[in-house]
Amino acid sequence: MTSVVFALVDCNNFYASCEKLFRPDLTHTPVVVLSNNDGCVVARSKEAKKLGVKMGVPVFQVRELLQKHGIVAFSSNYALYADMSQRVMSTLEALAPRVEVYSIDEAFLDLTGVGYSQNLTEFGLMVRRTVQQYTGISVCVGIAPSKTLAKLANHAAKTWHRTGGVVDLSSTVRQRKLLALLPVNEVWGIGAKLTKRLQQLGIDTALQLADTAPEFIRQHFSVVVERTVRELNGESCIALEEMAATKKQIVSSRAFGERITDKQQMREAISEYISRACKKLRQEQQQAKLLSVFLRTSPFSDKDAPYSASKSIELDTPSNDTRVFLAKAMQLLDAMWVNGYRYAKAGVMLADFYDPGVYQPGLFDEPIVQRETDQKLMQLMDTLNSKQGKTLWFASQGTKQEWSMKRELLSPAYTTDWQQLPLVK
DNA sequence: TCTGGGGTCCTAGGACCC
DNA sequence: TCTGGGGTCCTAGGACCC
């Protein structure tokens with residue numbers, strides 16, 4: 001059996017890099033990107049990292065720091081990031097035979113066999129140069145015989161500049177050298193909770209974890225952690241998956257820009273989320289049978305009384321018709337709504353998916369009637385809204401949407417909207 | 001005052017059956 | 001006193017990821 005080789009390509013400070021791309025005036029300026037509602041810092045340029053802005057901190061806690069150093073903040077601009085991501089990914093697809101898009105800013109490449117004809121580090125450098133040239137985005141490349149090791153190689157490439165942004169961990173000696181340097185929580189799949197439990201067993205570094213017997217780990221933790229141990233030893237247990245798996249659930253939820261206390265506003269918000277979720281469901285060419293709706297007050301406030309509720313309902317037959325889910329969602333809301341709370345967030349979830357036409361009704365169920373006109377109506381809505389911007393929506397979604405999220409620092413949709421193309425003067 | 005959103009997988013435990 | 005045992009299915013919750 002030939003041994004496999006993976007590369008992990010990860011964009012550097014992706015959201016911040018996207019924002020800088022169209023603002024050459026900010027090339028050397030510290031930049032941060034904020035989460036929805038401008039709530040937390042979710043990305044930082046290297047200058048901002050140097051100034052000590054931590055990942056995930058609430059903005060109000062670092063407002064002074066931002067001001068003091070002239071750090072420029074942006075609201076999340078997903079239209080821009082998704083488009084730039086596609087450009088990076090299609091560049092990678094032209095360079096490697098098999099690519100797994102792992103997240104908006106990361107991809108695994110299958111480099112099995114590449115090492116016979118060329119130096120793997122050279123190959124990594126070529127990937128870096130090409131992506132930089134084609135998209136303006138800088139990436140780091142980690143190469144190793146398992147995904148978990150490739151992740152760590154990438155981490156090393158990002159951390160140590162002398163590597164030139166590419167680390168090849170093919171040799172066992174180099175693997176062990178790196179593992180000895182890294183704390184166990186840097187390992188892919190080892191989060192805060194597992195780190196604590198591992199430390200109690202005296203396992204502090206990635207190397208110590210790698211050197212623990214898989215059977216012991218299986219006994220005290222789970223198969224997942226056992227797999228991680230094997231992967232750290234260069235045994236590939238997690239395969240490359242080119243095809244995006246079909247989704248098992250679709251969630252649409254948002255924290256509100258301002259707290260909701262009025263039921264009519266909540267109806268609008270839920271309607272909006274239903275409409276988004278159903279649109280996604282149709283894009284997946286799936287139908288769903290299960291709907292859940294939830295709402296809650298802020299978990300951070302100790303002043304407001306806490307309230308959180310969630311309810312589900314199962315349809316008789318799967319559907320992807322927005323109107324069907326809207327009606328059910330309003331019933332669920334009626335059953336959960338309590339006056340007097342300051343609601344901070346709500347959302348909907350679709351689950352239990354079927355391919356259209358596959359669902360087997362029970363013997364005594366009503367026969368399924370899928371009217372063609374219903375399908376056409378939904379299709380028309382989707383087409384119109386994607387071509388012309390949001391032109392067609394349900395009255396229950398409301399027109400003003402006063403509860404909608406805050407995005408006060410949003411950059412233009414430079415690459416996806418004709419009206420907002422950058423101009424060269 | 002102000003704290004994101006969207007996913008997956010695994011496991012333990014309860015319900016139920018024979 | 002001492003009240004079986006094993007299998008399957010489902011769900012809730014926990015853990016992780018970016």
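Naming convention: chains lettered A, B, ... in sequence-line order (proteins, then strands); numbering from 1 in each chain.
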In this structure, how many angstroms lie between the [atom2] atom of [N] and the [atom1] atom of [X], rounded?
{"X": "A:F221", "N": "C:dG14", "atom1": "CZ", "atom2": "P", "value": "18 Å"}
{"X": "A:K311", "N": "C:dT11", "atom1": "NZ", "atom2": "P", "value": "16 Å"}
{"X": "A:M55", "N": "C:dC17", "atom1": "CE", "atom2": "P", "value": "13 Å"}
{"X": "A:W188", "N": "C:dC18", "atom1": "CH2", "atom2": "P", "value": "8 Å"}
{"X": "A:N154", "N": "C:dC18", "atom1": "CG", "atom2": "P", "value": "11 Å"}
{"X": "A:D352", "N": "C:dC10", "atom1": "CG", "atom2": "C1'", "value": "12 Å"}
{"X": "A:E186", "N": "C:dC16", "atom1": "CD", "atom2": "P", "value": "14 Å"}
{"X": "A:M89", "N": "C:dC18", "atom1": "CE", "atom2": "P", "value": "13 Å"}

Give one of base, sugar-phosphate or nothing for [X], where a contact means two heavy atoms less than 4.0 Å apart.
{"X": "A:K151", "result": "sugar-phosphate"}
{"X": "A:S252", "result": "sugar-phosphate"}
{"X": "A:V187", "result": "sugar-phosphate"}
{"X": "A:Q249", "result": "base"}
{"X": "A:D38", "result": "nothing"}
{"X": "A:R407", "result": "nothing"}
{"X": "A:V223", "result": "sugar-phosphate"}
{"X": "A:L194", "result": "sugar-phosphate"}
{"X": "A:V42", "result": "nothing"}
{"X": "A:A245", "result": "nothing"}
{"X": "A:I104", "result": "nothing"}

Inset, instruction - Find which nucleotide of DNA chain B each of A:S35 and A:R218 is nearest to by heavy atoms, and output the residue with the more 5' nucleotide. - result: A:S35
Inset, instruction - Verify whether the ring centers belonging to A:Y307 and A:W337 lie closer than 6.0 Å. - result: no
Looking only at side chains, do [X] and [Y] share a donor and an acceptor under 3.5 Å apart?
{"X": "A:K20", "Y": "A:N13", "result": "no"}
{"X": "A:S236", "Y": "A:S146", "result": "no"}
{"X": "A:T415", "Y": "A:D83", "result": "yes"}
{"X": "A:E19", "Y": "A:Y414", "result": "no"}

Between [options], which nucleotide has the shortest distance from any of its atoms to the side chain of [X]?
{"X": "A:N36", "options": "C:dC18, B:dG4, B:dT1", "value": "B:dG4"}
{"X": "A:Q61", "options": "B:dT11, C:dC18, B:dT3", "value": "B:dT3"}
{"X": "A:R227", "options": "B:dG7, B:dC10, C:dA15", "value": "B:dC10"}
{"X": "A:P58", "options": "B:dG4, B:dT3, C:dC18", "value": "B:dT3"}
{"X": "A:Y102", "options": "B:dT11, B:dT3, C:dC17", "value": "C:dC17"}
{"X": "A:C40", "options": "B:dC2, B:dG7, B:dG4", "value": "B:dG4"}
{"X": "A:K280", "options": "B:dG5, B:dT3, B:dG7", "value": "B:dG7"}
{"X": "A:R254", "options": "B:dG4, B:dG6, B:dC2", "value": "B:dG6"}
{"X": "A:E106", "options": "B:dG5, B:dG6, C:dC18", "value": "C:dC18"}

Charged N to carboxylate O below 4.0 Å: is that the case for [X] and [Y]?
{"X": "A:D10", "Y": "A:K158", "answer": "yes"}
{"X": "A:E231", "Y": "A:R227", "answer": "no"}
{"X": "A:D110", "Y": "A:R98", "answer": "yes"}

[N] phosphate, OP1 or OP2, under 4.0 Å from [X] side-chain N/O:
{"X": "A:S253", "N": "B:dG6", "result": "yes"}
{"X": "A:R197", "N": "C:dA15", "result": "no"}
{"X": "A:K248", "N": "B:dC9", "result": "yes"}
{"X": "A:K303", "N": "B:dT1", "result": "no"}

Inset, instruction - Could you work out the separation of B:dC17 and C:dG4 based on their C1' atoms and round it to a whole Å? - result: 14 Å
Legend entry - Opposite nucleotide pairing with B:dC18, Watson-Crick or G-U, both atom distances under 3.5 Å: C:dG5
